[in-house]
Protein chains: 2
Amino acid sequence: MTDRREDGTSKDGRVARGEITRERVLDAAERCFAERGFDAISIRQIAREADVTLGVVGFHGGTKQELFLTVLKRRVETLNALRISRLSALKATERLTLETLIDAYVTPYLEIASRGDPQWRAYAQLVARIVSDERYYLEAGPLYDRVAAVYLDEMERLCPDAGRDQLAALLSLTVASMVSIVASGIRIAGLAQSEVPDSPLAYRDLLLDFCVGGVLRALEPKC
Amino acid sequence: MTDRREDGTSKDGRVARGEITRERVLDAAERCFAERGFDAISIRQIAREADVTLGVVGFHGGTKQELFLTVLKRRVETLNALRISRLSALKATERLTLETLIDAYVTPYLEIASRGDPQWRAYAQLVARIVSDERYYLEAGPLYDRVAAVYLDEMERLCPDAGRDQLAALLSLTVASMVSIVASGIRIAGLAQSEVPDSPLAYRDLLLDFCVGGVLRALEPKC
DNA sequence: GTCTATATGTAGATAGAC
DNA sequence: GTCTATCTACATATAGAC
């Protein structure tokens, strides 16, 4: 933003302008963190990406750590809500099985990762980084694990003879598989010598088969 | 980078002091990169960890990028050889199935990740970072994909009706699941409110069931 | 082979002008 | 609310003394 706005405009304009700038900073940070990771990105690069000056990022985002968490918190509730609402719908229709449960957890993520909105896609990529990196996970994990724990409770109800640690490991494997679809499309394409599909939704059925098949086989004697 | 090693193995066949220093630098870099990632670690920290001065790291490791690749290359052939030899053994005894194939790919990694040697454990953690991060993968991926492609060929032979892209995606999901066991033990323990097992081998059977079950279900109509 | 010293750049953070 | 200017610290990399 090189053009410098005159001060003394209407009062309602002032508030809105700050909010818009703030959004632009968060959007830029989201893209940068997603693409290169927390440590590889400087606040300066985020400022450049947002087309604001360095000071503006500090003003709206605080420290780099705070900015990172703010970026996550802005989105996490939406994803959590999608998962909770799908679960409620399942319970209402009484078609709750391990299969539909996994579908309810995985599909919202795949859908946001496949939306047209590049910010949501960036966010999905960012999530993929978080789960696989202990350092991010320590501060960001709790944002997600509240809902994961709810799903885990349902798994326990469906399969009471399995240990909770075993079910937790299977849910974690499911999550790892899920995010890998978004994060390692390049590897798949490289191995198959094919094209990278423009949407992770292309792998949806395959991913669900993989996760459901995996969970069922691991629980086979007990379920 | 200066070409090192004018070779000082003169005295009764003992390894040169430089070689020992070099190993210590690579070991320290391996631990640091594994624990915190390429971007979060400075060469200074590696030097401190190795108990040498900054210049020594530069002398033995070259630039940071070069050091990173050197760390990987030192180990990768061992892992690749284990996978190839397991595959050969399978083909010799003619017990090659999707199940045993996946076992042959996954087990060597789990075993090195579970060895007493902390350096091998660190390396396993480092591998987990590489597969899930596009930036590392671009330069390190080819080191691994040669062998992955061999396994993929075997999958194709076992299941000729599936597309190569589908098989590649399933192999990639298997790899993602495999490394997640090493990388996200904390998450599993947090969800289950249990202890982190001291060896990823504790999850071996569960992981194999998950991967095999996943691959079989995804290929079900075709195999 | 090892280490000191340093060149050169960039990092995160903020005080204060506008 | 925005941006300039700057502080302090640390980054990578290397030249040259020992």
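A, B, ... follow the sequence lines: proteins, then strands. Residue 1 opens every chain.
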Visitor: Can you figure out which of D:dA13, C:dG12, D:dC3 approaches the side chain of B:Lys64 most closely?
Guide: D:dA13
Visitor: Going by heavy atoms in the side chains, are A:Val182 and A:Tyr109 under 4.5 Å from each other?
Guide: yes
Visitor: Categorize B:Leu67 for me: base, sugar-phosphate, or nothing, with a 4.0 angstrom heavy-atom threshold over every strand shown.
Guide: nothing
Visitor: Give A:Ile46 one of three labels, base, sugar-phosphate or nothing, depending on what nucleic acid heavy atoms sit under 4.0 Å from its own.
Guide: nothing
Visitor: B:Arg24 CZ to C:dC3 C1': how many Å, rounded?
Guide: 14 Å
Visitor: By nearest atom, which of the nucleotides C:dC3, D:dA11, C:dA11 is closest to the B:Val56 side chain?
Guide: C:dC3
Visitor: May I ask you to evaluate whether B:Thr21 reaches the phosphate of C:dG1, defined as a side-chain N or O under 4.0 Å from OP1 or OP2?
Guide: no
Visitor: Is the phosphate of C:dA11, meaning OP1 or OP2, less than 4.0 Å from a side-chain N or O of A:Ser42?
Guide: yes
Visitor: Look at the side-chain N and O atoms of B:Thr53 and state whether any lies under 4.0 Å from the OP1 or OP2 oxygen of C:dT2.
Guide: no
Visitor: Kindly point out which of D:dT2, C:dA13, C:dT2 is positioned nearest to the side chain of A:Ile43?
Guide: C:dA13
Visitor: Would you say CG of A:Asp198 has more than 12 non-hydrogen atoms from neighbouring residues, nucleotides or ligands within 6.0 angstrom?
Guide: no
Visitor: Walk me through whether A:Arg164 and B:Ser194 qualify under side-chain hydrogen bond (donor to acceptor under 3.5 Å, both in side chains).
Guide: CA-CA 9 Å; A:Arg164 190 171 173 91; B:Ser194 61; over 6 Å; no
Visitor: Please report, rounded to the nearest Å, how far the P atom of C:dA13 is from the NE2 atom of A:His60.
Guide: 17 Å
Visitor: Measure CZ/A:Arg44 against P/D:dT6 and give the value in whole Å, please.
Guide: 14 Å
Visitor: Return yes if a side-chain donor-acceptor contact under 3.5 Å exists between A:Ser42 and A:Gln45, otherwise no.
Guide: yes
Visitor: Given atom CD of A:Glu66 and atom P of C:dT14, what is their separation to the nearest angstrom?
Guide: 9 Å
Visitor: Check A:Arg36 with B:Glu134, please: is the shortest side-chain N to carboxylate O separation under 4.0 Å?
Guide: no
Visitor: Rounded to whole angstrom units, what separation is found between the CD atom of B:Gln45 and the C1' atom of C:dA11?
Guide: 14 Å
Visitor: Calculate the interatomic distance between B:Phe59 atom CZ and C:dT4 atom P; express it in whole Å.
Guide: 16 Å
Visitor: Between A:Arg22 and B:Ile41, which residue's closest nucleotide on DNA chain D lies nearer the 5′ terminus?
Guide: A:Arg22
Visitor: Starting the side chain at C-beta, find the nucleotide from C:dT14, D:dA13, C:dA11 nearest to B:Leu54.
Guide: D:dA13
